[in-house]
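Proteins come first, then strands; the chains are lettered A, B, ... in the order of their sequence lines, and each starts at number 1. Note that the structure is predicted; figures quoted are calculated from it, not measured.
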Amino acid sequence: MLTLYGQELRSRLLLGTARYPSPAVLEDAVRSSGTEIVTVSLRRETAGGRQGGAFFELIRALGVNVLPNTAGCHSASEAVLTAKMAREVFATNWIKLEVIGHHDTLQPDVFALVEAARILSAEGFEVFPYTTDDLVVAERLVEAGCKVLMPWCAPIGSAMGPQNVPGLRAIRAQFPDIPLIVDAGIGRPSHATTVMELGFDAVLLNTAVAGAVKPALMASAFARAVEAGREAFEAGMLEPRDFAVPSTPVIGKAVFA
Amino acid sequence: MKLTVNGEDHDLAVTTLAELLAALDFEGDWLATAINGELVHRADRSAHPLNDRDRIEILSPMKGG
């Protein structure tokens, strides 16, 4: 059982709600993923508009936990205000803290991230920081009050999969008691399995499902991939060897010549 | 009074944030509001006075990753 800020969860897959071809497809994908946490955002409502209300109703009807994000924020102060506005709307202390430092790579500004995490933790928020696999930054985030870390495995939306497996292993080894969620860069189920085999606690993805030809089917594939990786981690895997080892016993084999 | 609402300029005869929301036909329990970079809670909107050239943000839930 995964526990994030006191909330017990059976599913180890967190799903984003953006980029689906329609609200109905989103709903199907969420249900077939088995996820218990979806990410959402806040955007300017047009005067007289009801767009946000329709989306809000859809999300509420899903009956899952909501993790609002601060996507698109480029400074600590912007992210802090967005988090406060999200708490007002979604009535949760959870916040997926994103402070973007680079337009093209969407790499987090880890300095502003730590600053915002400290402010928000002090104000009672339960922060899920989108960060890199840098160990020192991770340490600072924990010091700032984060009890969950969400390192990327590749740039957002890139679908490249794990680019730095030794780095991911190191962060897992360094923080054995902190729930670690790989956020961003997952492209296919095998990527999710790989990071779960490394001992990560969960995976957050969006585009890999939303951009599939059949999003609901892909959501189901990811759900199984995440479970397979987790079970493999718990089961204990063989380490690769540079030589062959016969699996069938040699003793007792007939001698014909 | 000259106000900037979600980046657009308006000239409106309103005195509080609640009046502004009504004048621009915003409604619903899913909105979050901020004035000049500070959150204004839902419960404080009718008491919160507006000043000339205030910058108001009105946000609502949207899909996100």
Which atom of Glu45(A) lies closest to which atom of Trp30(B), heavy atoms considered: OE2-NE1, 3.6 Å

Arg53(B) atom CZ, neighbour heavy-atom count above 12 within 6.0 Å: no

Residue pair Asp29(B) / Arg60(A): nearest heavy atoms and the distance that separates them: OD1-NH2, 3.8 Å

Segment of Leu21(B) engaging chain A (4.5 angstrom heavy-atom cut-off): neither

Heavy-atom proximity to chain B below 4.5 Å, by part of Phe90(A): side chain

Residue pair Met62(B) / Leu42(A), side-chain heavy-atom distance below 4.5 Å: no

Nearest-0.5 Å distance that lies between atom CD in Glu57(B) and atom OG1 in Thr82(A): 9.0 Å

Side-chain (Glu88(A)) to main-chain (Thr33(B)) donor-acceptor, under 3.5 angstrom: no

Interface residues of residues 96-115 of chain A facing chain B - non-hydrogen atoms under 4.5 Å apart: Lys96(A), Glu98(A)

Greatest number of heavy atom pairs closer than 4.5 Å to chain B - which of Lys84(A), Arg44(A), Met85(A), Arg43(A): Arg44(A)

Top of Ala18(A), Gly16(A), Ser41(A), Ala91(A) for chain B proximity - count of heavy-atom pairs under 4.5 angstrom: Ser41(A)

Heavy atoms from other residues, nucleotides or ligands near CZ of Arg31(A) exceed 12 (cutoff 6.0 Å): yes

Residue selection (most heavy-atom pairs with chain B, distance under 4.5 Å) from Thr207(A), Asp183(A), Leu81(A), Asn206(A): Leu81(A)

Residue-level interface, residues 4-14 of chain B with chain A, non-hydrogen cut-off under 4.5 Å: Asn6(B), Gly7(B)

Crowding at CZ, Arg45(B) (>12 non-hydrogen neighbours, <6.0 Å): yes

